[in-house]
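Here is the structure we will look at.
Proteins get letters first, then strands, A, B, ... in listed order; numbering begins at 1 in each. Computed from a prediction, not measured in an experiment: that's the story for all the values here.
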Amino acid sequence: MFQHWIILLVSFGYLGILFAIAYFGDKRADGGRSIISNPYIYTFSIAVYCTGWTFYGSVGRAASTGVGFLPIYLGPTLAATIWWMVLRKIIRLSKINHITSIADFISSRYGKSSTIGGLVTVISVVGIMPYISLQLKAISSSFNVLFYYNSGAAGDLNLGQDTSLYVALILALFSILFGTRHIDVTERHEGMVAAIAFESIVKLLAFSAVGIFVTFMVFDGPSELFTQATLLPETVKLMDMGSMPGGYASWFALTFISITAIMFLPRQFQILVVENVNEEHVRTASWLFPLYLLAINLFVLPIAIGGVMFFQAGSVDADMFVLTLPLESGRPALALFVFIGGLSAATGMVIVETIALSTMICNNLLMPVLLRFKLLRRDDMGRMLLGIRRISIVVILLLGYLYFRFIGESYALVTIGLISFAAAAQFAPAILLGIYWKRASRTGALAGLAGGFAVWAYTLFLPSFALSGWLPMSFVDPGPFGISLLGPYHLFNLSGFDPITHAVFWSMLTNVGLLISVSLFSRQEALERLQAAMFVDVYKERASGAEVGNLWHGKTQISDLKGLLAHLIGPERTEMAFRTYALQHSLELQDNTLANESLVTFAERELARTIGAASARVMISSIVEGEALSIEGVMKILDETSQAIEYSRRLEQKSRELETATRELKRTNERLKEFDRLKDEFVSTVSHELRTPLTSIRAFSEILQDDAAMDKEQRHQLLNIIVKETERLTRLVNEMLDFTKIESGAYHWAHEKFDLIGAVDEAMAATSQLSQNKNISVVREVPGGPVNVTGDRDRIVQVVINLLSNAIKYCNSDTGRVSLQLSPEDDQARLVVVDNGPGIVSEERERIFEKFHQLRDASMGKPQGTGLGLAICKMIIENHGGRIWVESEPGQGSRFIFTLPLAP
Amino acid sequence: MTGPEEPTAPDTGKIPDPEPREERLAALMLGGLALLNFPLLSIFSVSGFVFGIPVFYFYLFSVWSLIAGLTAFVLRSRPQDSPTVKDRKGPGDT
């Protein structure tokens, strides 16, 4: 119908546009202005779910089974309702761990096991192979229809097969260009996502266009179309469950496997999780994506019914109705547009799938092997990774081609796709149980995956070889070696199911059963338990605040870490990553110093972005010396026990704090009691002291009053006593006033520079009368020059007077000796008052400076003074920045000493 | 006198959702599964037309849009929602 070159030109032109979009997307991403950071782009990119199978195969399936095509799209709609919980959790986990693929995710969950990663990769490659062949079939069939339609050569099978080989090679080339352009192979491909979102719009428009054309132009609207359909026996049965093979059981099985496929097909995981920019986008995608599916399926049945009625008696392959209807109606341009839509759907799927699979093959299959056998050369690892991925893409597409070439021809599009869906469903138990059940163990997952995969291969994959003649047909019916109990389509004689439902039932039973039972009977290693706890409790903050995964315990130099990273992600990005780390933790990173645990973990995560978690772990342990896992680290983060321990630790701490507070309170209480006692004593002392002079004043005054005849000399003597007693009263009251004033902070201190020698002389003059009365000599030793200090001179004089009068007071008359020594010492003045009195016992020495404390002296009977003198001295000296203390032994006399800072 | 201070439980780090959003979504999924499977499905697998469209298809597409609509309703942004994880930078950034 069309010239070769027109179709090729349009096809390559379209792929060129896709490539331009991808290139633009990558450029923007490099510039930090992502074009895919948008919930709508995210939603459209998820629509990579709709492949060539949806585009051509749905109509084909609808033409024979009616509603049979729908469960594949209703499943994802149901799955989307719980994306907000499940998918968001997976995305969060993947971001934290720099997950690169579904194999990486499962292997990370189960203790970063390389074995699991490898097994998941094998299941993916084998399971997806039919699916890729399906895309090749879709593209080459549509190409052939467009090219050979009505030209009489449509039956040339060889030509068709050659077309699909070329298609495979061209798609390989494009996948390589889209996914593996950069040396720095990281998990994300922004440009590719942009291109996928674009192709999703194109395929929706193209399919809707042909749908509207068939419904409204070939027929006169849906009512007319359906009314006509009731007249034909082939079409009337398409309008209810009647023509659905396998009935409701099959319906349920298809819904189930598509619920799992929408999340766990490698390419869906790639787009939904790995390429996700912001987990908030899930909110929009959860409802918009089901609507996209609804829109693209709206016209499937009208086209199918229209096609069946249009081309009576099945003369045309129903899979190609979307092309043949416009062609037959003389609309080649529309057919070409539809062809582009189908090309979009198929290439989109192939590109994302091969990129996801090649990442898995490289990181989870080849890297562990290369690492184990030490086949990795450090110097050009980045280039080597890129090479591995490119070769993987070519190999995957060639495998797809081979499957198509040898097997695909015998199947309709949909049946091939369902085989892959059933394979992807095998990942669901390991992932879903893994993120909600900590006990799910590595051995359990391994057993479940291997068992499920084996049953899948036996009940679906191998029979496809038999049906194509590569195995004897007797393998399927009655069964291998003629044992019908082992028949892959009716295992243990379980009948009544179609092959897909049958396979899903047995494989899921095996998978879930083994996963759970083996997990319940196996022990998890430390790293495994750690990863399990982290995956299940990703939303829980750790009580201890320990950074999850900070477990490296061995030693390595920062330069070694840098070297390792540089080989894989390039020196510039390594430098940048380390600089960012240093900035975030405000550290200086010296190349020749040891890296701490957190930095090693950081490096491991950076590596994981490129080569996956399991391989990153192996690489890091190759340069970290000593014990790699710190047991305390593991224990610290391990499940609830650690939280319980933490909880009781906090309780203990709280009770310790309480005990301390109680002790403190008790002490304070005792001190308060003591103060209370002292105050009582003080009041009684003071009242006593006040009463004594008052009594004598009153007595002598009464004598003077009564005895008028007293002689003058006697009267004078009495008056003298009264004056003395009054002075004593005044002194007492003044002292109390001073004390309260200083203590309350209301006293205004003078601030002047003065000579201490002058102050000493003044104090000695003031006490000379006292010393003369008791016949005690006071010796003064002062330096020749002035001793200047700054402060309140009157107060300092008061202190010296107080010390001198105390010394005199406690000395015996006549034999008493008091000396005063003043000397400058370094930057302070030191004044010592020495007496040869009775001395002070040690327990009293500590307390004589306390207020209200008075020396008790058995020989004296009652305390003398107010008990405030020394307390006032202490306050004054300390207020001047000095220190006052006493040195004494009972019977040896006392030395009262104070120091004051010298004036500058 | 007040007793000693209550010991604080370890944080779970999760702010309780004022609306039981997750439960609503789970209920929606279960409801959807019931509506789109045997036996409810068999009630609508009959011949006949609604607005010119076969009953069965009309039913399936109605439930389909209903599920999408209810999901959107349950997940609608509320003021107390705060972005949980910031936008991730492009591959060129680290």
Top residue by heavy-atom pair count (under 4.5 Å) with chain B, among [options]?
options                : value
A:S286, A:G75, A:A249  : A:S286
A:T81, A:N297, A:I82   : A:T81
A:T284, A:L293, A:L288 : A:L293
A:I91, A:L70, A:L291   : A:L70

Exercise for the section: For A:F252, enumerate each residue passing the ring-ring contact (aromatic ring centres under 6.0 Å, His included) test, keeping only those at least two apart in sequence or located in another chain. Expected result: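 Once residues adjacent in sequence are excluded, A:F252 has no partner under the ring-ring contact (aromatic ring centres under 6.0 Å, His included) criterion.
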Practice task
Kindly write out the residues that satisfy ring-ring contact (aromatic ring centres under 6.0 Å, His included) with A:F216, not counting sequence neighbours, or none if the list is empty.
Solution key: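 Result, ring-ring contact (aromatic ring centres under 6.0 Å, His included) vs A:F216: none returned.
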Heavy atoms, side chains only, cut-off 4.5 Å: are [X] and [Y] in contact?
X      : Y      : answer
B:Y57  : A:L301 : yes
A:L78  : B:I67  : yes
A:R283 : B:T71  : no

Minimum heavy-atom distance between [X] and [Y], given as atom pair plus value:
X      : Y     : answer
A:W84  : B:L25 : CB-CD1, 3.6 Å
B:L36  : A:L74 : CD1-CD2, 4.0 Å
A:W287 : B:A68 : CB-O, 3.2 Å

Practice task
Any chance you could measure A:M85, atom CE, to B:M29, atom CE, to the nearest 0.5 Å?
Solution key: 9.0 Å
Handout entry: Within residues 220-228 of chain A, residues adjacent to chain B where the heavy-atom gap is under 4.5 Å
Key =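 If one takes a 4.5 Å heavy-atom cut-off, the residues of residues 220-228 of chain A near chain B are A:P222, A:S223, A:F226.
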Handout entry: Part of B:F51 within contact of chain A (heavy atom distance under 4.5 Å)
Key =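 For B:F51, the contact with chain A is made by the backbone alone.
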Problem - Under 4.5 Å from a heavy atom of chain B, the part of A:Y73 involved - result: both
Handout entry: Part of A:L298 lying under 4.5 Å from any heavy atom of chain B
Key =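 Contact with chain B is through both the backbone and side chain of A:L298.
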Exercise for the section: Take A:Y248 and B:N37 through the side-chain contact (heavy atoms from CB on, under 4.5 Å) test and state the conclusion after the steps. Expected result: CA-CA 7 Å; A:Y248 292 107; B:N37 270 292; over 6 Å; no
Practice task
Scan residues 60-69 of chain B for pairs that pass side chain to side chain donor-acceptor pair (under 3.5 Å), counting only residues two or more places apart or in two chains.
Solution key: A:T77-B:W64
